Every structure is written in structure tokens, then in C-alpha cells.
Amino acid sequence: MTTRTSIVRTRFAPSPTGYLHIGGARTALFAWAYARHHAGQFILRIEDTDVARSTPEAVQAILDGMQWLGLAHDEGPFYQMERMDRYREVIGQMLAAGTAYHCYTSIEELDALRAEQEANKEKPRYDGRWRPAPGKTLPAIPPGCSPVVRFRNPADGVVAWDDLVKGRIEIANAELDDFIIARADGTPTYNFCVVVDDSDMQITHVIRGDDHVNNTPRQINLLQALGAPVPRYGHVSMILGDDGTKLSKRHGAVSVMQYEENGYLPEAVLNYLARLGWSHGDEEVFSLEQFVAWFDLDHITASAAQFNTEKLNWLNAHYIKLADDARLGGEIVRRLVKEGVPAGKVPDPALIAALYKDRVVNLNELADCAHPFYASVQASEELTAQHLTAPAQAALAELRTRLANVAWVAAELAQALKATLAATGLKMPQVAIPLRVALLGQPQSPAIDRVLAVLGREETLRRLDQILA
RNA sequence: GACCCUAUCGUCUAGAGGCCUAGGACAAUACCCUUUCACGGUAUGAACCGGGGUUCGAAUCCCCGUGGGGUCGCCA
């Protein structure tokens, strides 16, 4: 451990070619938490050098996702497309220093080379035909062909680093080739931009997905060629789908904002993601603040983790129970209005939330539960036939009379219900279930007296009259 | 094919050579609670990939095998 007080600087560097997916969100969470834990800085960088696939919508989607999760950055967002001058400057320096060189091999030639190597069951790699060497005669420069710039990768030795999550990793330079750092049109490529940025932005800890392990030795070599300090690296494993295969669209929700739409609370998603591949003893449920206080890279699992919607659901249900009624009420209204249901002030959505919050798994279910309070829901014929029988209707008529004059609070409503039972000789379910079907269009609900209290006298009587008419 | 990573209940994981008769959580099952359905409570079943070492002692360390994942672009 260094005694120098070096501030921790981490970054999240997505490329804006789509939404913020769940795996990226977890990587971002870990990088963010690591910076927060060490009172350092978290930088957001948009890697948009792939002009063909990058879109402003995707940038916005990433920003939205980060904001919804509450992962605020301290610097940025920096856009790589705005840093072209800087990249060109560094490429010029490398060309001048001889750590990079021009290569005139055409795409066709490269394809042929690759095909040949694959046919020989070799690892496809550039053969170094334009790499300058003492006493070597380079091919004649083909006319009308603009060159790419390649990095002069060390020919031998090994690149090694102590990965913060995987431990020591060593890769032989012989496995690496002289990769392209600038295309024929002069634009820089990924590995190069990352290195210049991580260096310029003084990133101390690169926390990123597992899929970048193979880029790391190239980046370390580049950094060293540039004489720049090498950050620490931590490669977080991937998240697999529910079925153990690579996460993709067919797994349903992969975008973070899809979870918002599906009725998940950000704190539930955060807690779930934090616990997926990281642990703090037996702790399962904890706040973001607690997570930041506990988080370290030592307890991240090195292997891939399978996503488990059931556990996320459990956490979501837990956080819904904890959530403030007014907040849940707002979610109810927002979601119902989006579906064209005239949800509003009466009944108070917060009261409905209080009634249903400990029985739903997500916000959409909560909204569904609230739906019949704002718009009468017709029971199916089957339910009507089954529950609104003649004796049941008689009991409801009996109850309706009592309800007309009772004080509209749950305790009094319960009394009216009991008096109806006494008068008709029926058991509670024999009245309560028809009543639920009559009022809400469904045979299950929370305690019926509480439902009545929230529905209100006017609406309750109106719906009863409609059934009894 | 080459290279890299990885391997504990169905799933997420605890486990840093003796605390392990392997712990917790989700899911499952059973029971309790109950004004229906849920919620909640209690209980039960469920795992160290295989083979070799090292050691007095291995889930933990090493090697091999096997399974899984990743990477091999003028994509990021």
C-alpha cells in the first residue's frame, strides 16, 4: 500500500450504441461505489468514436439510466469525438518517436492473411510486414493508398498486472500484434483513445467488464510507450441471463430503463446488482449508503453470475413495503394515466398505496390494484355467476341499507358488515367475497372494510346500486 | 483453432488449511396466522465438477482433465 495520499479516480466509459444495459449498470455501480468509498472522483466518458453506430438518443438513454439509478458523476461527460485534436497530437508524437508506424496493407490483403492463418488453425494476427526494423527493406509504398498507423508492440516478454478482482494475469507479447491505432482516414481507434483518455484524465482504477481483459495488455504496452503511469485494473465478470446464457434482448429486460418501466424501484435494482457478484458476509438487504461504506474489490466474484429475476422481485417487494405512500401514490397515478385511466386525487392514491403496498411485487401491479378505484371494473361473467348469487345479492342489499347511514371509517364499516352477517346468518367470506366482486370486479382484496373506507361512501353505494338494480 | 478467465445447494453467495456434521438469501415444500388473496412467521429438503498430488489435516494450496465464459476487426 502506498503511503502517498493519491486520490482515487474511476470512470465509466460506455459507447453510445444502445441503451444502458444491466451489466453496464453494474460495472458503473462498482466503479462509482469504489470512488465514493475512497472519497475519490467518478468520471463519465462517452466513447463515441464509432460514428456509424453512435447516436444522441443512446447518449441520452445512458444519461437517463445513470440518473434513475442515482449514480452521479463528478466530471464529464467527456465525449471522445471532441478530443480528436488531442488524439492526433499523440499519434504524431508516437510516429516521431518510432513507437508507431505507417502500414499500407490493404483491407483485402488483411482479409487474405486472416483467411490463410485461420486455414492453418493459427491465431489471426498482423504479420508485421510494414514494421520497420534495422536492416529491413520495407515494401514499396502502393500509390493512392493512405496508410493506417500501427502501434509497435514489444516483440517479446510478457505483460502482467495484478487484477483487482481476478488476481495476477500474464500475457505473452508474442500473443499480441501491432494493432491499428489510427484508421486510414486518420480517426483513432478504441484501444488508443482509451489509453490517452485514462492517462489524461488521471484515472487510477479502471473497473470494467471482463470482456476487456484481452485489451488490457495492449493498453498497458501503449501506456508504457507513452511513458504514462499504468492504472490498476479490475475486471468484473459478466452477467448471464436467467438461463445461464449470454444476456441478450431475448431475455426480456436488459435495459435499465426497462426495469423502471416494468415497475422496479431503483433502490431494489441497485441492491440486487450490488449483491450480484459481490458480497459482504451474509448481508442481503442494504442501502446505497451502506453499500458504499462496505464496498471493496476484494469480495467481487471472479466468475460470471446468472441473473435471477425472482430475487430481484423479492427485493423490489421489500423496498415497495418500505417506500413512502405519497411516492407510491405518485407512481400509481403516473402509470395509470399513461394507460388512459383517469387516476387522480379521489380516492387519495397514497391511501390506495398503503392498502396494497405489502402485497405487490412491482409498481405496475400496484397500479393494477389501484385501477378499480378510479374506474369501475366489470367482473367477468364467470365471477358474477359464481359469487353474485341470489342469496349473496340479498346480503349485499341488506348491507347497502346499513352502509347508507354509517360513519365512513373502517371500524364502523366492519361493524356494519358484522351486523349484516348476524342478520343473514352468513359467514364473513360469504358476504365479503361477493362484495369484492361487486365493488372491484375481483374476489380478492385487502381487508374489505379498509377497501370500503378508501373507496368512499358515494362510489361504494353507486357501485352496489348498479349491481342490485 | 489459439490465448485468457472461471468452477460450493436450481440461483446469488459465505468460506483466506483445522471453527464445515459446509452458513445465509431467493426459489421450492409443509405448517401457522387470516375476512378472501397476499403479506408475515416457523420448519424441511437441497451443493464443495472429476482425478491426482502437497499436508498430521483440503471446499480452501498445486497439477491434469472436464464443463462454462470471454477475446482473437481500419467495432467499442
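In what follows, every chain begins at residue 1, and chains take the letters A, B, ... in the order their sequences are listed. In this text the structure is predicted, and so the values were computed from the model without any measurement.
- Atom CG in A/L240 sits about 11 Å away from atom P in B/U13, given to the nearest Å.
- Look at CG on A/L315: it is 14 Å from C1' on B/U13, rounded to the nearest Å.
- In this structure, A/A302 reaches the sugar-phosphate backbone alone: every heavy-atom distance under 4.0 Å involves primed, P, OP1 or OP2 atoms, never a base.
- Across all strands shown, A/K311 has heavy atoms under 4.0 Å from base atoms, whether or not it also approaches the sugar-phosphate.
- No hydrogens or angles were tested; on distance alone, nothing pairs the side chain of A/R218 with the base of B/U71 as donor and acceptor under 3.5 Å.
- Residue contacts shown for A/G277 are limited to sugar-phosphate atoms, with no base heavy atom under 4.0 Å away.
- Side chain of A/D211, nearest nucleotide from B/U35, B/U71, B/C4: B/U71.
- Distances shorter than 4.0 Å separate some side-chain N or O of A/T301 from OP1 or OP2 on B/U13.
- Taking atom C1' on both nucleotides, B/U54 is separated from B/A47 by 26 Å, rounded to a whole Å.
- If you check B/U21 for Watson-Crick or wobble pairing at under 3.5 angstrom, you find it has no partner at all.
- An OP1 or OP2 oxygen of B/A14 is reached within less than 4.0 angstrom by a side-chain nitrogen or oxygen of A/S279.
- With a cut-off of 3.5 Å on both pairing distances, the Watson-Crick or G-U wobble partner of B/C72 is B/G1.
- Between A/Y104 and A/W130, the angle of the ring planes lies from 30° to 60°, which puts this pair in the tilted group.
- Backbone-only contact: A/K321 has heavy atoms under 4.0 Å from sugar-phosphate atoms and none from a base.
- Across all strands shown, A/R125 has no heavy atoms under 4.0 Å from either base or sugar-phosphate atoms.
- Atom C1' of nucleotide B/A38 and atom CZ of A/R450 are separated by 13 Å, given to the nearest angstrom.
- At a threshold of 4.0 angstrom between heavy atoms, the contacts of A/A184 include nucleobase atoms, whether or not backbone atoms are also involved.
- Atom NE2 in A/H235 sits roughly 15 Å away from atom P in B/C4 (whole-Å rounding).
- A distance below 6.0 Å separates the ring centres of A/F307 and A/Y272.
- A straight line from CD1 of A/I320 to C1' of B/A38 spans 13 Å, rounded to a whole angstrom.
- For the pair A/E331/A/I320, no side-chain contact is recorded, criterion being any heavy-atom separation below 4.5 Å from C-beta on.
- For the P atom pair drawn from B/A25 and B/A14, the interatomic distance equals 15 Å after rounding to whole Å.
- Residue A/V213 is classed as a sugar-phosphate contact, given heavy-atom separations below 4.0 Å to backbone atoms only.
- With A/V159 as the partner, the side chain to side chain contact (heavy atoms under 4.5 Å, CB included) test is satisfied by one option alone out of A/N221, A/T216, A/N153: A/N221.
- By the 4.5 Å heavy-atom criterion applied to side chains, A/F373 and A/L440 are counted as neighbours.
- Residue A/D48 is classed as having no contact, given no heavy-atom separation below 4.0 Å to the nucleic acid.
- Positionally, the nearest nucleotide of RNA chain B for A/M428 lies more toward the 5' end than for the other of A/M428 and A/V51.
- In this structure, A/R45 does not reach the B/A76 phosphate: none of its side-chain N or O atoms is under 4.0 Å from OP1 or OP2.
- When heavy atoms are screened at a 4.0 angstrom cut-off, A/D185 is found touching no nucleic acid atom at all.
- Residue-to-nucleotide contacts include a donor-acceptor pair under 3.5 Å from the side chain of A/E284 to the base of B/G24.
- Using N1 to N3 plus N6-O4 or O6-N4 for Watson-Crick, or N1-O2 and O6-N3 for G-U wobble, each under 3.5 Å, B/G40 pairs with B/C32.
- Nearest approach of A/G263 to A/N316, heavy atoms of both residues: O-ND2, 3.2 Å.
- For A/W294 and A/F286, the gap between ring centers is short of 6.0 Å.
- Two residues, A/N308 and A/L312, neighbour RNA chain B, and the one matched to the more 5' nucleotide by heavy-atom proximity is A/N308.
- Summarising the base pairing, B/A47 is matched to no nucleotide, lacking a Watson-Crick or G-U wobble pair whose two defining distances lie under 3.5 Å.
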